[in-house]
Every structure is written in structure tokens, then in C-alpha cells.
Amino acid sequence: MKKVKDIMNKDIISVTEDDSFENVLKIMKEKGIGEIPVIADGNVAGVVTRDDMLVKQGVAPTPPVVAFWDLLITLPQNKEFVSKLSKLSGYKVSEIMSREYLKIECDEELEFAVTKILEDSKGFALVFDNGELKGILTKTDLINKAF
């Protein structure tokens, strides 16, 4: 049976607690990823995810919408929306990251990892070997590499 280390993503992209919202957003866009470990003093302090970026505690502004029958038109240049988005852009990673995350060991059976990831609402796990971050395992990795 396959192990977590056989399919995990070993190309770890991380940020620090002092990184900006804008920097994390740029990394997520450029790399096409949705979960980034946050490193502090050489250890994992948490994770920043797409959800953290968009809806953490309701801080993400929603552009106003005008409805004409079945047609919805967004107004992204609305002054209130632009102001809220600008404020959100000033956040640091430490203000939006999740400090709780699913941990799985490299040598775990893949079946165990799949069960844990499906039970966890976030849908990914950070993979460790003797306390050291070695990779990340996402639902996308599972679909692309395990089946």
C-alpha cells in the first residue's frame, strides 16, 4: 500500500507571520496553490488558506451587486468596497492565518491520510517526519497521484 510520502507535494512554499496579505495572494495566484504553511522561528506556526484570505471572520468585502431581473451586475469600483479591500490588503499573515491544522506523518498509510483529510474540514494536511515539515497533502494530490 502507498504511503503519504509517495504522493505528497514536497515542493513546500511557505511565508512568515510578517508577510503581507498582498504577498500571499500573489504567491497563491502565481503558484496555483490554496494552502501555505506559515513559518516562525524555524517551526510551523500555522497555515494561511484561500478561506482565510477570503472569509476569515467576515473581513473580506463583497462588491455591491445590482440586480436587473435575472442579471446580476457587480460594482467593483464602489468607493466603500475599494476602501474595505484596501484595508484588507494591509493585513499581515499573523492576523489571518489558522493556527490549527491537520498533521500527518510521512510514513502513514495513504488510507489513513485519506480518512483524516476527509474528516477535516480544511481538506489538506501538512506532512511531517520527526517534527520537521516535509510536504503537504491536498485532495488534489490524492486525486492526481493516488488513483
Where C106 and M8 come nearest, the two heavy atoms and their spacing: SG-CE, 4.0 Å
Can you tell if the side chain of F124 reaches within under 4.5 Å of the side chain of I117, non-hydrogen atoms only? no
Restricting to non-hydrogen atoms, name the atom on D19 and the atom on V15 that form the minimum distance, rounded to 0.1 Å. OD2-CB, 3.1 Å
Any link between Y101 and V48 through a network of hydrophobic side chains (Ile, Leu, Val, Met, Phe, Trp, Tyr) touching at under 4.5 Å? no
Give a yes or no on whether the backbone of D129 and the side-chain of E132 come within a donor-acceptor separation of less than 3.5 Å. no
Supply the atom-to-atom distance L142 CG to K2 NZ, rounded to the nearest 0.5 angstrom. 10.5 Å
Can you check whether S20's main-chain N or O pairs, donor with acceptor, with N23's side chain at less than 3.5 Å? no
What one should report as the nearest heavy-atom pair of G135 and I12 is N-CD1, 3.4 Å
Out of N9, I7, L126, which one pairs with L137 under the side-chain contact (heavy atoms from CB on, under 4.5 Å) rule? I7
With the side chain counted from C-beta on, respond yes when K134 and K10 share a heavy-atom pair under 4.5 Å apart, and no when they do not. no
In a table with atom names and distances, give each donor-acceptor pair under 3.5 Å that connects a side chain of residues 24-32 to protein atoms at least two apart or in another chain.
none

If you define the side chain from C-beta out and look only at heavy atoms, does anything of V44 sit under 4.5 Å from K103? no
Once rounded to the nearest 0.5 Å, what's the spacing between atom CD of E105 and atom CZ of F112? 9.5 Å
Honestly curious: do L110 and V127 fall in one hydrophobic cluster under the side-chain, below-4.5 Å linking rule? yes
Please report the closest heavy-atom contact between E17 and A40, naming both atoms and the distance. OE1-CB, 3.5 Å
Run the side chain to side chain donor-acceptor pair (under 3.5 Å) test on D52 and T49 for me, step by step, so that the C-alpha distance in whole Å, both residues' side-chain angles and the decisive distance to 0.1 Å come before the verdict. CA-CA 5 Å; D52 296 326; T49 68; 3.1 Å; yes
Could you tell me which non-hydrogen atom of P37 sits nearest to which non-hydrogen atom of I13, and how far apart they are? CD-O, 3.2 Å
How long is the gap from CG on L118 to NZ on K139, to the nearest 0.5 Å? 6.0 Å
Distance from I33 atom CD1 to I136 atom CD1, nearest 0.5 Å? 7.5 Å
Looking at K5 and D107, does any basic side-chain N land under 4.0 Å from a carboxylate oxygen? yes
Do any pairs count as a side chain to side chain donor-acceptor pair (under 3.5 Å) and have a residue in residues 109-124, sequence neighbours left out, and if so which ones? K3-E109
Single-linkage hydrophobic cluster V38~V47, side-chain heavy atoms < 4.5 angstrom: no
